[in-house]
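Note sheet for the following structure.
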Amino acid sequence: MSLYKPEYIHCNGEPFRIFLTDEEIQQRVNKLGQEISRDFSDKRPIFIGVLNGAYIFLSDLMRYVDIPCEVDFLKLSSYGDEKVSSGQVRELKDVDANIQGRHVILVEDIVDTGLSMKFLIDKLKRQEPASITTVTLLQKTEATQYDVKPDYVGFRIPNLFVLGYGLDYAQEGRNLAQIYILDESK
Ligand code: 5GP
């Protein structure tokens, strides 16, 4: 069986073209894993993945990390079923681990306006971790509205809706192995 990677796809009636291939994603995620392993070699970090979007990125990233580490998750919802942010963050699940005094690595799928990441940093800080480091697979640099600067960024991308590799459109498309971008030419 092979990974699900069509050249072109319609999701919820809208056209998407391939933007980042499986190989490009794996190469970059591998590099990020190596950098994190080097930077946190003596820190036993705890990765905190933001559900649902970051689950595939986090599971690949952690397998490129070769130092002792832990994982936990929290869950947010900000987009609903739309292609633009509602401008509100809803917290659906908190972390279970006690992160006081721990080195936290917050893992996001995408930073768009930066609202979710800002919300999460402020929230996690109140639990007094030793440090908070942020990783995002994608960043829409032109869309930034909040003062957040992710420490590790996989790819800087244009301000267009993307899909696949964990990212959804109205809950569909997360199982695509590559990243697709809205095809504005259609
Ligand atoms: P922000 O709070 O930075 O505006 O948005 C972050 C969240 O919005 C992401 O974690 C993700 O769930 C969602 N999001 C932002 N841009 C996109 C996109 O292009 N595609 C998808 N599928 N989700 C997005």
Side-chain angles (χ1 to χ4, degrees), residues 20 25-26 28-80 85-141 143-157 162-168 171 173-175 179:
L20 293 167
I25 297 168
Q26 290 303 320
R28 186 71 187 118
V29 176
N30 184 343
K31 191 90 194 311
L32 290 174
Q34 288 176 36
E35 286 174 22
I36 290 170
S37 303
R38 189 194 59 213
D39 298 347
F40 286 82
S41 58
D42 55 350
K43 296 207 167 94
R44 198 186 170 88
I46 177 163
F47 288 87
I48 297 186
V50 184
L51 295 171
N52 291 335
Y55 78 110
I56 291 184
F57 171 45
L58 177 55
S59 65
D60 278 348
L61 179 66
M62 277 194 79
R63 283 175 290 172
Y64 291 116
V65 167
D66 59 2
I67 56 167
C69 60
E70 297 176 31
V71 69
D72 201 352
F73 295 92
L74 49 73
K75 184 166 180 172
L76 289 188
S77 167
S78 59
Y79 259 40
S85 173
S86 65
Q88 287 180 339
V89 181
R90 274 199 308 142
E91 197 178 333
L92 302 177
K93 178 202 174 302
D94 203 349
V95 280
D96 294 319
N98 177 2
I99 60 165
Q100 189 175 31
R102 301 294 308 273
H103 294 281
V104 166
I105 303 181
L106 182 66
V107 182
E108 272 265 32
D109 51 354
I110 184 165
V111 174
D112 181 7
T113 63
L115 172 65
S116 309
M117 186 164 272
K118 180 161 190 338
F119 172 90
L120 289 172
I121 293 170
D122 291 346
K123 172 198 156 56
L124 293 173
K125 264 189 191 158
R126 292 196 285 276
Q127 298 177 45
E128 302 179 336
S131 66
I132 303 178
T133 300
T134 50
V135 186
T136 185
L137 176 66
L138 307 171
Q139 183 177 19
K140 291 182 186 169
T141 39
T144 311
Q145 291 177 28
Y146 294 83
D147 185 24
V148 290
K149 288 192 188 65
D151 298 297
Y152 301 86
V153 177
F155 301 93
R156 294 188 166 83
I157 67 165
V162 289
L163 176 75
Y165 195 68
L167 289 122
D168 74 309
Q171 300 307 325
R174 296 192 198 274
N175 53 326
I179 293 176

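Remember, predicted model here, so these are calculated numbers, not experimental data. Reckoned from all heavy atoms, side chains included, excluding hydrogens, waters and symmetry mates.
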- Message: Going by the rule side-chain contact (heavy atoms from CB on, under 4.5 Å), which residues pair with D96 if we only count those two or more places apart in sequence or in a different chain?
- Response: D72, K93
- Are side-chain heavy atoms of N52 and D168 found at a separation under 4.5 Å? no
- Item | Those residues that, when tested against R126, pass side-chain contact (heavy atoms from CB on, under 4.5 Å) (two or more places apart) | D122, K123
Please report, to 0.1 Å, the donor-acceptor pairs under 3.5 Å made by any side chain of residues 60-68, with sequence neighbours excluded.
| residue | atom | partner | partner atom | Å |
| --- | --- | --- | --- | --- |
| D60 | OD1 | R63 | NH2 | 2.7 |
| D60 | OD2 | Q26 | NE2 | 2.9 |
| D60 | OD2 | Y165 | OH | 2.6 |
| R63 | NE | S59 | O | 2.9 |
| Y64 | OH | Q26 | OE1 | 2.7 |
| D66 | OD1 | S37 | OG | 3.2 |

- Going by heavy atoms in the side chains, are T133 and H103 under 4.5 Å from each other? no
- Task: Could you list all the salt bridge (Lys or Arg N to Asp or Glu O under 4.0 Å) pairs where at least one residue sits in residues 48-59, not counting sequence neighbours?
- Result: none
- Query: salt bridge (Lys or Arg N to Asp or Glu O under 4.0 Å) with K43: which residues, sequence neighbours excluded?
  - Reply: none
- With sequence neighbours left out, what residues match E35 under salt bridge (Lys or Arg N to Asp or Glu O under 4.0 Å)? K31
- Between CD1 on residue I110 and CZ on residue F57, distance to nearest 0.5 Å: 11.5 Å
- Message: Which heavy atom of Q88 sits nearest to which heavy atom of L115, and what is that distance?
- Response: N-CD2, 4.0 Å
- salt bridge (Lys or Arg N to Asp or Glu O under 4.0 Å) involving R156 - partner list, sequence neighbours excluded: none
- Task: Output the distance between atom CD1 (I56) and atom CG (L167), rounded to the nearest 0.5 Å.
- Result: 9.0 Å
- Message: I'd like to check the side-chain contact (heavy atoms from CB on, under 4.5 Å) partners of F155; sequence neighbours left out, ordered by chain and number.
- Response: L20, R28, L137, L138, I157
- Message: How close do M117 and V135 get, counting heavy atoms only, and between which atoms?
- Response: CE-O, 4.3 Å
- Item | All side-chain contact (heavy atoms from CB on, under 4.5 Å) counterparts of Q100, not counting sequence neighbours | N98, E128
- Task: Could you check if a side-chain atom of D109 sits within less than 4.5 angstrom of a side-chain atom of V50, using non-hydrogen atoms only?
- Result: no
- Nearest 0.5 Å, what's the CD1-CD1 distance between I99 and I132? 6.5 Å
- Task: For E91 and L76, run side chain to side chain contact (heavy atoms under 4.5 Å, CB included): C-alpha distance rounded to whole Å, both residues' side-chain angles, the deciding distance at 0.1 Å, then the answer.
- Result: CA-CA 5 Å; E91 197 178 333; L76 289 188; 4.2 Å; yes
- Identify the two heavy atoms, one from L124 and one from P129, that lie closest to each other, and give their separation to 0.1 Å. O-CD, 3.2 Å
- Does any pair with a residue in residues 45-54 pass salt bridge (Lys or Arg N to Asp or Glu O under 4.0 Å), and if so which ones, sequence neighbours excluded? none
- Message: If the condition is side-chain hydrogen bond (donor to acceptor under 3.5 Å, both in side chains), which residues does E70 pass it with, not counting sequence neighbours?
- Response: R44, R102
- Task: Write down the atom of G101, the atom of A130, and the distance for their closest heavy-atom approach.
- Result: O-CB, 3.3 Å
- Closest approach of A54 and V107, non-hydrogen atoms and distance? CB-O, 3.5 Å
- How long is the span from the CD1 atom in I46 to the CD1 atom in I105, to the nearest 0.5 Å? 10.0 Å
- Query: What are the two closest heavy atoms between F73 and L58, and how far apart are they?
  - Reply: CE2-CD2, 3.5 Å
Using residues 143-151 as the side-chain source, report each donor-acceptor pair under 3.5 Å to any protein atom, sequence neighbours left out, with the distance given to one decimal.
| residue | atom | partner | partner atom | Å |
| --- | --- | --- | --- | --- |
| T144 | OG1 | T141 | O | 3.0 |
| D151 | OD2 | T134 | N | 2.8 |
| D151 | OD2 | T134 | OG1 | 3.2 |

- F40 and Y152 aromatic ring geometry - parallel, tilted or perpendicular at 30°/60° bounds: tilted
- Please tell me if the side chains of E108 and L120 come closer than 4.5 Å, counting only heavy atoms from C-beta onward. yes
